[in-house]
Amino acid sequence: MEINDKFLKPYDPKETEDKIYKLWEDSGFFNPDICVEKGVTKSDAEIFSMVLPPPNVTGSLHTGHALVLTIEDIMTRYARMQGKKTLWLPGTDHAAIATQSKVEKLLEKEGIKKKDLGREEFLKRVEKFAQESHDTIVRQTKKMGASLDWSREAYTLDEKRNLAVRTTFKQMYDDGLIYRGNRIVNWDPKGQTVISDDEIVYEERKAKMYTFKYSADFPIYISTTRPETKVGDTAVAVHPEDPRYKDYIGKTYVVEDFCGVKLEIKIIADGTVERDFGTGALGVTPAHSQTDAEIAQRHKLPSKQVINEFAKMTIGDERILNKKTTEAREIIVSWLKENNLLEKEEEINQNVSTAERTGAIIEPLPKLQWFIDVNKKIPNRENKSLKELMLEPVRDGKIKIIPNHFEKVYFNWIENLRDWCISRQIWYGHRIPVWYPRTKAELSSGQAENKKIYCNINPPEDIENWEQDTDTLDTWFSSGLWTFSTLGWPTENTDLKNYHPTTMLETGHDLIFFWVARMVLMSQYLLGEIPFENVYLHGMIRTMDGKKMSKSMGDKAIDPLDIIIKYGNDALRLAMIIGNTPGNDLKLNENDIRGYGKFANKIWNASRFVLEKISDLDLNNLPKLDEEDAISQEELENLIKEITKEMNEFRYSIVAEKLYHYFWNTFANIIIERSKKKILENNNSDSAKALLYLQLTILLKTLHPFTPFITEEIWQILLPRRNTGTTTQNSLAPVLMVEKWPND
RNA sequence: GCGUGGUUAGCUCAGUUGGUAGAGCGACCCCUUGACGUGGGGUAGGUCACAGGUUCGAAUCCUGUAUCACGCACCA
């Protein structure tokens, strides 16, 4: 085939990209073992390893994923071209609560309820959905050009990762790091599960604050936004030095009828009460408030649960019993008004806790749950706590966070960290590997005492006498193991030895606590080593009006796959990289992408020109450059030195911009234009041709991590010519992807 | 309340050891048998939020102010 046939048409990404990806995949070079086998990587080469942040199996890819895939593919391709043994490991995340609630919603549309199906049947539906999502995600990921080693693909809920999770749980349980405790937890009434502190999203809303007293003869007014919880009050707390209330401290008042409920209220003094807030007196509801529970514990106050898992009242007469909390609130407020107990009603701004996944308002409830103790000293880790294990490697510089200022954010989070609630009342996920004895007495009473429990990697042998805990684990528990569970841990193997700790962890800065910190925790605790040497945190992608891009935005959001069809993947990549610096959000707009599409066209046309002009050039025996051309070549070499340094400092935006400008303003506008004159006048035309060829090959290589498709396509056209040299040892690797980065 | 980041051309943003400000897009003008009309070339446009300080010299370092985001906590 004539080398210029393909160039007769403008560059068409639609026709090219799938074909090029297949070429890469078929070459096997995504897999570092094959690179070594086929001699493109030395067996003792330096290692570059990185895990892909596993996308949730909840649907399809969005621009956030496209950004991850672009940045990480640049990192990976650069490392591979530098001759490093390079592993970028793919996988997907079962995303427990997110996936389950998605399937529940789908079933709802068919009029099917989760509990009608039962646990097993429901899980089958979820697994089917997860599998379909997985397939879509993998297909789309390949469209993005990601050079991932698919032979090592993992899933957070597959058999190997399951073993890793159970092994971890068992070890933490034996070390006393995992415990079961009855505490006030964040209950999601919609999702019907507990969630961790990090899964709460605060929303500012207008709320009414009511100031009232429990009864006409009660001496103190209190303020609250949730009058319905007051039927669960057991005390009123005041500041010990507040002169207004000093005389009442220590007394107990019986309120015979608070909207049909009898209350016993003790007046206590607690230093945490703020005198200036409200009336300076706080009605203590130990069962439905975290801070009140702490006060109650200090003063040994009784706790009275008055709200259940469905956010309905469990106390009172027909007026409020079984009513929703919001209804009960109104009823109690009108009761207060009727009885002249309400002093004040004012509108305030309030941060309402909502569940990240379901959007429901969190109901604090006392519940028996599993926790990870972050403060307990661990004997076989030099008596350090999990908190210390998370803190140290970052503080000591063993883990470098880019951009640097996120280290402070990280420290700040650890300082305020409380025990991690890891149990969830949902069905999809890793079931907790704990079994309770099933005795006849317990079966008949329906109540397990849990005196003796069995925790192990595998179920007890006499399984018929045991019943497994019905809860599953927080999805981040398995995500925390990701850097090494993907490499086969807990089974000893060479992958784990070779590729762990990983070189780089690249993810969005919104995941620093959820994921990054949890990986440090798990790796430090289980392996006694860091999970990664570098953390690169990118920003969020926003629309032009500054909103976080999400699918619910409809037309305003950019769908990466639409963009690829319109402008090509290379254009999208450049738009995501140029002007994007770590930690900062990126406003993505279609105009920019269109502009970089033009650049791809420029590369295409310039390459056509070069290939036409060098058709008679002996590529294995290049003519000498004249003085002028030698200077140009030296300038490019200097540029390569600069950008190589910048690549090593992860400054991809700068590198892409410099290459863009060099290609357009120097290579196309100066060197090509000069060569036209030289070739036309046949004055040093050999030198001009040699320079065109040298510059183009270097530019294709250095552009390749950023615009892999078009550079590979051109390389493939160029290749037959390069490999027709007389000497076979001169022949090149079959794909640009494994060419050497032009360091020298 | 504690913490972090931003404020640079009409818009979106770069600008790392402090040395007379850059890009893309947009605007305007010119070119059109040229590798490229999904084009090319060019022009205009900025007391780098404000006020002090350090310095021969500050967008860059220090202090303070304003303002916009974000994170955490509180939320009676």
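- Within the nucleic acid shown, A:T581 comes within 4.0 Å of sugar-phosphate atoms alone, with no base atom in reach, counting heavy atoms only.
- Rounded to whole Å, the distance from CZ on A:F411 to P on B:G3 is 16 Å.
- Base engagement by A:A668 is indicated by at least one non-hydrogen atom pair under 4.0 Å involving a base atom.
- Between A:S289 and B:A76 there is no side-chain N or O to OP1 or OP2 distance below 4.0 Å.
- In this structure, NZ of A:K598 is placed 18 Å from C1' of B:A35, rounded to the nearest angstrom.
- Between A:L282 and A:E649, the residue whose closest nucleotide on RNA chain B is further toward the 5' end is A:E649.
- In this model, no donor atom of one side chain and acceptor atom of the other lie less than 3.5 Å apart for A:Y652 and A:E657.
- Salt bridge status for A:K566 with A:E590: present, with a side-chain N to carboxylate O gap under 4.0 Å.
- Rounded to an integer number of Å, the gap from OH of A:Y567 to P of B:G24 is 18 Å.
- Rounded to an integer number of Å, the gap from CD of A:E294 to P of B:A76 is 14 Å.
- Counting non-hydrogen atoms under 4.0 angstrom, A:T291 reaches the backbone sugars and phosphates but no base.
- Going from atom NZ of A:K344 over to atom C1' of B:A76 covers 12 Å, rounded to whole Å.
- Remark: B:U55 base-pairs with no nucleotide; criterion is Watson-Crick or G-U wobble with both hydrogen-bond distances under 3.5 Å.
- Across all strands shown, A:H509 has no heavy atoms under 4.0 Å from either base or sugar-phosphate atoms.
- For B:U43 and B:C50, the P atoms lie 28 Å apart once the distance is rounded to whole Å.
- With a cut-off of 3.5 Å on both Watson-Crick or G-U wobble distances, the partner of B:U20 is given as none.
- One interatomic measurement links the two molecules: CG of A:L659 to P of B:G24, which rounds to 15 Å at whole-angstrom precision.
- Taking each heavy atom of A:V374 and A:L417 in turn, the nearest pair found is CG1-CD2, 4.0 Å.
- Relative ring orientation between A:H509 and A:F406 is described as parallel, the plane-to-plane angle staying below 30° on a 0-90° scale split at 30° and 60°.
- B:A35 is unpaired under the Watson-Crick or G-U wobble criterion, no partner having all donor-acceptor distances under 3.5 Å.
- Here the separation of B:C13 from B:G6, taken at their C1' atoms, is 12 Å to the nearest Å.
- A:K587 places its NZ atom 16 Å from the C1' atom of B:G24, with the value rounded to the nearest Å.
- Contact of A:R651 with B:U16 (side chain to base): a donor-acceptor pair of N or O atoms is detected under 3.5 Å.
- Put simply, A:Q290 has no side-chain N or O that comes within less than 4.0 Å of OP1 or OP2 on B:A73.
- Side-chain nitrogen and oxygen atoms of A:K602 include none within less than 4.0 Å of the OP1 or OP2 phosphate oxygen of B:G39.
- With respect to A:K689 and A:D616, a salt bridge is recorded, a charged nitrogen being found less than 4.0 Å from a carboxylate O.
- Between A:Y202 and the phosphate of B:A73, there is a side-chain N or O to OP1/OP2 separation shorter than 4.0 Å.
- In terms of heavy atoms, A:L574 sits closest to A:A656 at CD2-CB, 4.4 Å.
- Listed pair A:N584 / B:G5 fails the phosphate criterion, with no side-chain N or O lying under 4.0 Å from OP1 or OP2.
- Here A:D292 lies out of heavy-atom contact (under 4.0 Å) with every strand.
- Taking atom CZ of A:F406 as the reference point, atom P of B:G5 lies 9 Å away to the nearest angstrom.
- As judged by a 4.0 angstrom heavy-atom cut-off over every strand, A:V273 is placed among the base-contacting residues.
- Not one side-chain nitrogen or oxygen of A:N605 sits closer than 4.0 Å to the OP1 or OP2 atom of B:G34.
- As judged by a 4.0 angstrom heavy-atom cut-off over every strand, A:E590 is placed among residues making no nucleic acid contact.
- Stacking of A:R594 on the aromatic ring of A:Y567 is not recorded, the 6.0 Å distance cut-off and the 45° axial limit not both being met.
- For B:A35, its base never sits under 3.5 Å from the side chain of A:K613 at any donor and acceptor pair.
- The side chain of A:W413 contributes no N or O atom lying less than 4.0 Å from OP1 or OP2 of B:G3.
- Rounded to a whole angstrom, the distance from the P atom of B:U16 to that of B:C62 is 14 Å.
- Checking B:C25, B:C75, B:U4 against every side-chain atom of A:N351, the shortest atom distance belongs to B:C75.
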